[in-house]
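Comments concern the structure below.
As the structure is a prediction and not an experimental result, all values here were calculated from the model. Computed over heavy atoms, backbone and side chain alike; hydrogens, waters and symmetry mates excluded.
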Amino acid sequence: MAFPFDTHYASLELLIEKAKKRMPRFAFEYLDGGCNENINRDRNTSELREVLLRPRYLNNYSETNMETELFGVKYSAPFGVSPVGLQGLMWPNAPEILAKAAFKHNIPFILSTVTTSSLERISELTEGKAWYQLYHPREEWLRDDILDRCEASGYDVLVVLADVPTFGYRAKEIRNGLSMPPQINFRNVSQALVKPQWCLEMLKHGVPSFATMNKYMDKNMNVKQLGQFMNSTFSGRLNSDRIKAIRDKWKGKLVIKGIASDEDAAEAVRLGFDGMIISNHGGRQLDAGESTIAVVKEISEKYKGQIKIMMDSGVRTGPDVARALSCGAEFTFMGRTFMYAVGALGDKGGDHIIEMLKMQFRQVMEQVCCEKPEDLQNFRVK
């Protein structure tokens, strides 16, 4: 069998092992960690993997088609790239690597407000097919200017982030100086110097910045002033008035990310969102929270058909995608998985991980004899 990816890294575990060797320790820990004791980060995946599928070998099965329609667009697989902050710090040029790969393979890429490529650049690379995640500004004029830039750049799907009303308590980030304001300290510099490939890529692409926000920042800001700017500019707290103002202004599809309760799901439907991403920020905000798959099971039973139900947090592999869809999610997103691949393989990481995930997912569907992703609910062991 011919494999469309590097068979030396044929599993997520092998990619993680390689990424850990190539990334500075502070960068890997930023990517890998959750909040507090990492309990909810691990619960997300462990409870998802308790979901079992039952094959139907004697089905009148013809062939598998992974294509999935979402907001009028037909994607080649039912998974996409989650928004991730500070991507270019973890691996230089990571947002562009992943945006290019997502566009090439026809899956959605969501750009974070606080990542290291501008919304204009990512739109250019994806011919306007990317999604944009809005980290809500305190000032209405800034919100409106960002939305105007998204519209002018061709974005059709806006994702409003709901689950960061406060910063998560992440002990390793605090130790490493990656809290706000970020710090450059001897520990970080010494960790970077022993990772030559990361350093070479950083020299090639330059020191990362919050590229979408550069327009609004004083070019002479030092590191401390940058942190103060970010803290004073953004407020993660949402309310019905803020959401209504966005809904009234935004002409495209509107998605809310960070739904983790039945009550918030009902409110999202009432406020007119087109879709929701059930997520707990990869276990990076609330260690005492439920797993995302538990919430997906509850919410999909009540609201499917009223709003598009998507999921991230805990989804790591192709079989995980199948498990999530079998529980009622209509689409899935992954953040860490894609970043591990870029950390391991650099420019080749995006193509590699998408090909690997597609092969893994297709194998599960073919094994249980399922023709379409939306039919996977019929194969779950209840």
Side-chain angles (χ1 to χ4, degrees), residues 5-6 8-35 38 41-42 45 81-102 109 111-112 114-117 168 170-180 182-211 223 281-284 312-317 333-354 356-357:
F5 52 81
D6 186 343
H8 290 93
Y9 306 101
S11 71
L12 181 62
E13 290 74 17
L14 291 168
L15 288 168
I16 293 172
E17 181 182 331
K18 180 70 171 178
K20 193 170 184 178
K21 291 177 179 177
R22 281 167 40 102
M23 296 168 65
R25 179 176 170 182
F26 67 85
F28 184 84
E29 288 180 346
Y30 178 82
L31 167 61
D32 194 58
C35 67
N38 295 321
R41 179 201 67 179
D42 297 339
T45 299
V81 185
S82 292
V84 178
L86 293 177
Q87 285 168 304
L89 177 70
M90 289 179 275
W91 191 264
N93 206 40
E96 295 194 13
I97 293 170
L98 289 174
K100 289 176 185 176
F109 172 88
L111 181 71
S112 170
V114 292
T115 194
T116 52
S117 290
R170 306 169 198 157
K172 289 182 179 179
E173 290 179 27
I174 295 170
R175 178 195 64 187
N176 292 332
L178 295 182
S179 56
M180 281 294 180
Q183 302 168 15
I184 299 173
N185 54 40
F186 176 78
R187 179 198 298 268
N188 293 349
V189 172
S190 61
Q191 290 171 8
L193 289 176
V194 296
K195 306 294 181 179
Q197 189 61 46
W198 184 91
C199 289
L200 287 172
E201 291 296 316
M202 190 63 72
L203 287 171
K204 177 180 175 182
H205 295 288
V207 177
S209 67
F210 296 113
V223 170
H281 219 84
R284 291 170 67 82
D312 84 355
S313 302
V315 184
R316 298 289 187 103
T317 65
F333 289 90
M334 288 167 271
R336 288 187 179 97
T337 291
F338 287 98
M339 286 303 304
Y340 290 134
V342 173
L345 303 176
D347 290 347
K348 298 178 180 178
D351 287 331
H352 177 99
I353 191 62
I354 294 171
M356 192 177 85
L357 289 169

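- A donor-acceptor pair under 3.5 Å is formed between the side chain of W198 and the backbone N or O of M90.
- The minimum heavy-atom distance between H352 and D6, with the atom names listed, is CE1-O, 3.1 Å.
- Taking the side chain as every heavy atom from C-beta outward, R284 and R41 never approach each other to under 4.5 Å.
- Residues M202 and P208 share a closest heavy-atom pair of SD-CD, 3.4 Å.
- Here the CD-CZ distance, from E29 to R170, works out to 13.5 Å after rounding to the nearest 0.5 Å.
- T317 is not listed as a side-chain neighbour of T337, based on a closest heavy-atom distance of 4.5 Å or more.
- Applying the 6.0 Å contact sphere to NZ of K195 captures more than 12 heavy atoms from other residues, nucleotides or ligands.
- In this structure, L357 and M334 have side chains that are in contact, with non-hydrogen atoms separated by less than 4.5 Å.
- Expressed to the nearest 0.5 Å, how far CE of M339 lies from OG of S82 amounts to 12.0 Å.
- Looking only at atom types and distance, the side chain of Q87 has no donor-acceptor partner in the side chain of T116 under 3.5 Å away.
- I97 approaches P92 most closely through the heavy-atom pair CD1-O, 4.1 Å.
- Checking side-chain atoms of R25 against main-chain N and O of N188 turns up no donor-acceptor pair under 3.5 Å.
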Inset, instruction - In sequence, state the C-alpha distance, the side-chain angles, and the governing distance for Y30 and L86, and then conclude on side-chain contact (heavy atoms from CB on, under 4.5 Å). - result: CA-CA 9 Å; Y30 178 82; L86 293 177; 3.6 Å; yes
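- Within the 3.5 Å criterion, the main-chain N or O of S117 finds no donor-acceptor partner in the side chain of T115.
- With a 6.0 Å cutoff to the six-membered ring centre and a 45° limit on the axis angle, R22 does not count as a cation-pi contact of F28.
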Legend entry - Test side-chain contact (heavy atoms from CB on, under 4.5 Å) applied to V84 and F338, step by step: CA-CA 10 Å; V84 178; F338 287 98; over 6 Å; no
Inset, instruction - Show your working on side-chain contact (heavy atoms from CB on, under 4.5 Å) between W91 and M23 and close with a plain yes or no. - result: CA-CA 7 Å; W91 191 264; M23 296 168 65; 4.1 Å; yes
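- The two residues A10 and L14 have their closest heavy-atom pair at N-CD1, 3.9 Å.
- Atoms CD and NE2, from E96 and H205 in turn, are 8.0 Å apart once rounded to the nearest 0.5 Å.
- Summarising the geometry of L98 relative to F109, their closest heavy-atom pair is CB-CE1, 3.8 Å, with the distance given to 0.1 Å.
- No option in D32, I353, L345 other than D32 meets the side chain to side chain contact (heavy atoms under 4.5 Å, CB included) test with Y340.
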Inset, instruction - For side-chain contact (heavy atoms from CB on, under 4.5 Å), just list the numbers for M356 and L15, CA-CA rounded to whole Å, side-chain angles, deciding distance to a tenth of an Å, and then say yes or no. - result: CA-CA 11 Å; M356 192 177 85; L15 288 168; 4.1 Å; yes
